[in-house]
> 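Here's a structure for you.
Just so it is clear: chains get the letters A, B, ... in the order the sequence lines come, proteins before strands, and each one is counted from 1. The figures here come from the full heavy-atom set of this structure, side chains too, leaving out hydrogens, waters and symmetry mates.
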Protein chains: 2
Amino acid sequence: MGYSDFTGEFNYSIDSKNRVNIPSRYRKTMNEENVCEVVISKGFDSNHIDVYPLPKWITLRDKITASMQLVNRVHRNFIRQFTQNASHCTLDSQGRIMLTPKLMEMAGIKTNGNAVIIGMIDFMEIWDPEELKKHEENTPLTDSDFEKLEQLPLI
Amino acid sequence: MGYSDFTGEFNYSIDSKNRVNIPSRYRKTMNEENVCEVVISKGFDSNHIDVYPLPKWITLRDKITASMQLVNRVHRNFIRQFTQNASHCTLDSQGRIMLTPKLMEMAGIKTNGNAVIIGMIDFMEIWDPEELKKHEENTPLTDSDFEKLEQLPLI
DNA sequence: TATAATTACCCATAATTACCCACAAATCTA
DNA sequence: TAGATTTGTGGGTAATTATGGGTAATTATA
């Protein structure tokens, strides 16, 4: 995944064909690494869309499949849920991707509406502006959240 | 099995000849690896159909025969269940396969009805839309499932 | 072996998608 | 500041995809 450093927040429109623009700075990074394909998927919180540049997706996928067994029912269910809402997109020559109706519905994103793209270092999130606002109001990081994070060898 | 990365969920119709389309992206992957044959079989959960590209089937089969003992009754039963309902299909020139009446019945898939194909990375599942909905309602991944997954060296 | 049923192979078509071009707004450069 | 370039957005068209159905070849059945 090299040196992707997706940061910031961008406002774009969803056109009549359900296309969204990918921030040009992100595109440049991906270009330098010859990546023109991403995988969009349901975010773990389900009310937004995750966008993984292909190499990032592959490592994610491999980590998950490596520890999963096909004969294990829970594992099968997890893989299914994990891949079910994931779909490969190729950036068009204008640097856009086309969202799927199902993911749009999950995220509350509407045709001819708007969307916010947020950089998450090595992947992105696509939010409906309203949903994002709600999320920010409802789930600020608490002191106890930070305490939990302190226990990880993070920062 | 190379680099198959079957993801996503697709809705297709079952025609009067019990044919289903295989998603074109999956076909492309198989084509690149010169695979035009799959094995359809009863899924381990029994209420859907598994579709294995031939090479995947072969490795699965070999793993099973290598670790199973014919003198063990449970093993025999497993092998029987595993192969009994497995049947080889060749994709037609339109990229479709023909399902067998027996597997269709097991999965609740009806002639002239609909079916959902789900990518499972290196194989696929075919579901009756109703059965899938039921399954999703009955077996959602819980918070505790996710907590268990967090303990894996995953993400 | 003759006949019926099934399957493989082919062609046709509507809907969808990928690809291309265009242009206005914003940003950069000299 | 003026011109050039980049960026975001819209839309037209060719190509692909999903689906239906006809017919010859194959298989099963009596």
> If a pair satisfies ring pair (Phe, Tyr, Trp, His ring centres under 6.0 Å) and one of its residues is in residues 22-42 of chain A, list it, with sequence neighbours excluded.
Phe6(A)-Tyr26(A), Phe10(A)-Tyr26(A)
> Five pairs at each end of the helix from dT1(C)-dA30(D) to dA30(C)-dT1(D): take the axis at both ends and give me the angle between them to 10°.
40°
> Is there a path of hydrophobic side-chain contacts, each under 4.5 Å between heavy atoms, that joins Ile79(B) and Val39(B)?
yes
> Which letter, B, S or -, goes with each nucleotide of nucleotides 10-24 of chain D from 5' to 3', with contact meaning a protein heavy atom under 4.0 Å?
BBB----SSBBBB--
> With sequence neighbours excluded, tell me which residues meet side-chain hydrogen bond (donor to acceptor under 3.5 Å, both in side chains) with Arg80(B).
Asn77(B)
> Partners of Thr100(B) by side-chain hydrogen bond (donor to acceptor under 3.5 Å, both in side chains), sequence neighbours excluded?
none
> The criterion is side chain to side chain contact (heavy atoms under 4.5 Å, CB included); which residues satisfy it with Asn21(A), sequence neighbours excluded?
Tyr12(A), Arg27(A), Arg96(A)
> Rounded to whole Å, please give me the gap between CD in Glu37(B) and P in dA8(C).
11 Å
> Any pair with a residue in residues 104-132 of chain A that passes ring pair (Phe, Tyr, Trp, His ring centres under 6.0 Å), sequence neighbours left out, goes on the list, sorted by first then second residue, please.
His48(A)-Trp127(A), Tyr52(A)-Phe123(A), Trp127(A)-His135(A)
> Among residues two or more places apart or on two chains, list those pairs meeting salt bridge (Lys or Arg N to Asp or Glu O under 4.0 Å) that have a residue in residues 130-139 of chain B.
Glu131(B)-Lys134(B)
> So which pairs with a foot in residues 98-113 of chain A pass salt bridge (Lys or Arg N to Asp or Glu O under 4.0 Å), sequence neighbours left out?
Lys102(A)-Glu9(B), Lys110(A)-Asp128(A)
> Checking Ala107(A) now: which residues fulfil side chain to side chain contact (heavy atoms under 4.5 Å, CB included) with it, not counting sequence neighbours?
Ile49(A), Ile109(A)
> Name all residues meeting the side-chain hydrogen bond (donor to acceptor under 3.5 Å, both in side chains) criterion together with Lys63(B); count only those two or more places apart in sequence or in a different chain, and write none if there are none.
none
> Collect all protein-nucleotide pairs involving nucleotides 23-28 of chain C in which both atoms are nitrogen or oxygen and the distance is under 3.5 Å.
none

